[in-house]
Number of protein chains: 2
Amino acid sequence: MAKDPVSRKSELLPGTLEMLILKSLERNSEPMHGYGIALYIKQISREVLRVEEGSLYPALQRLALKGLVHGEWRESDTGRRARYYKLTRAGRKQLMEEVASFEKLLEAILRVVQPA
Amino acid sequence: MAKDPVSRKSELLPGTLEMLILKSLERNSEPMHGYGIALYIKQISREVLRVEEGSLYPALQRLALKGLVHGEWRESDTGRRARYYKLTRAGRKQLMEEVASFEKLLEAILRVVQPA
DNA sequence: AGCATAAGCATAGATTGTCTATGGATGGAA
DNA sequence: TTCCATCCATAGACAATCTATGCTTATGCT
């Protein structure tokens with residue numbers, strides 16, 4: 001008991017996480033580490049989107065496996081070791097496609113949800 | 001081999017199905033059966049959204065269990081037996097909340113995805 | 001008469017993607 | 001010396017969707 005205080009639903013729309021990560025990398029031009037990406041998304045979405053670490057790191061690994069990002073160890077500004085990621089060419093392409101199909105889906109959903 | 005001809009990704013944004021169903025019921029005022037709901041969503045989204053039966057019927061059952069819709073057997077226009085669903089008061093309320101939080105999420109995602 | 005197709009419901013099982021929970025290490029501030 | 005922020009990572013639970021399948025009945029075509 002003593003669970004589920006409000007709602008344990010996901011903080012994001014499932015299926016959008018990888019797109020959000022890729023987009024973050026694109027918009028910042030400088031390579032970013034995972035923690036930084038999480039902060040960035042949280043901040044720019046005005047605290048609405050929160051990316052949990054248990055979702056984030058596996059997602060970054062998937063993206064790296066698929067060759068959409070490239071990661072390497074470096075030292076962060078604060079002196080800790082961190083894995084810095086940047087978009088690959090394939091990642092940039094994939095991002096464009098994902099955004100396009102996301103927007104298409106969105107339009108379709110809004111046609112159902114919002115009165116004409 | 002000989003698989004995965006194009007992309008086996010979902011035809012909708014996961015997490016939006018129940019909202020789409022509830023909204024369909026709201027907009028049609030008359031009770032609808034599952035098959036009709038599927039056709040409606042497909043049509044109004046201009047073929048972009050396709051709701052598979054394997055997703056639809058379990059979703060309707062979940063909604064009924066939660067008391068958000070009420071279903072009863074009737075005879076359809078074409079003379080077959082069909083389960084007709086209508087929104088309950090609770091369902092109407094839930095729908096409003098879901099739409100609101102969906103739109104909030106959307107805004108947040110678009111802030112990340114679309115350049116300021 | 002025979003057959004195909006549309007209308008209609010349903011379940012089982014696989015898969016995917018997220019989450020929670022946990023663990024650990026380090027640096028700086030109180 | 002304690003705490004918090006920074007940073008990574010994995011395991012396991014869980015929810016939601018999909019594919020695949022099976023069934024029934026009415027209508028239309030040939």
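Keep in mind that what you see is a predicted model, and the values were worked out from it rather than measured.
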- Task: Round to a whole Å and report the spacing from CG of B/Leu49 to C1' of D/dT17.
- Result: 13 Å
- Task: Check the distance between D/dA16's C1' and B/Ile21's CD1 and give it to me in whole angstrom.
- Result: 12 Å
- Query: Distance from A/Leu25 atom CG to A/His70 atom NE2, nearest 0.5 Å?
  - Reply: 12.5 Å
- Item | Rounded distance in Å - NZ (B/Lys66) to P (D/dA15) | 11 Å
- Interatomic distance, B/Glu52 CD vs C/dC9 P [rounded to whole Å]: 15 Å
- Note on the structure: Those residues at least two apart in sequence (or on a different chain) that pass ring pair (Phe, Tyr, Trp, His ring centres under 6.0 Å) with A/Tyr35 are none
- Query: Can you check the B/Glu72 CD to C/dC9 P distance for me, whole Å?
  - Reply: 13 Å
- Which heavy atom in A/Ala38 sits nearest to a heavy atom in A/Val51, and how many Å separate them? CB-O, 4.2 Å
- To the nearest 0.5 Å, what is the distance between OG (A/Ser45) and CG (A/Leu20)? 8.5 Å
- Query: Rounded to whole angstrom units, what separation is found between the CZ atom of A/Arg50 and the P atom of C/dT18?
  - Reply: 15 Å
- Note on the structure: Rounded to the nearest 0.5 angstrom, the OG1-CG distance for A/Thr16 and B/Leu105 is 8.0 Å
- Where along nucleotides 1-11 of chain D does protein come under 4.0 Å, by heavy atom, of base (B) or sugar-phosphate alone (S), with - for untouched nucleotides? -----BBBBB-
- Task: For A/Leu13 and C/dT16, give me the distance from atom CG to atom C1', rounded to whole Å.
- Result: 16 Å
- Nearest-Å distance, CD (A/Glu11) to C1' (C/dT20)? 13 Å
- Quick one: which of B/Tyr57, B/Tyr40, B/Trp73, B/Tyr84 gives a ring pair (Phe, Tyr, Trp, His ring centres under 6.0 Å) with B/His33? B/Tyr84
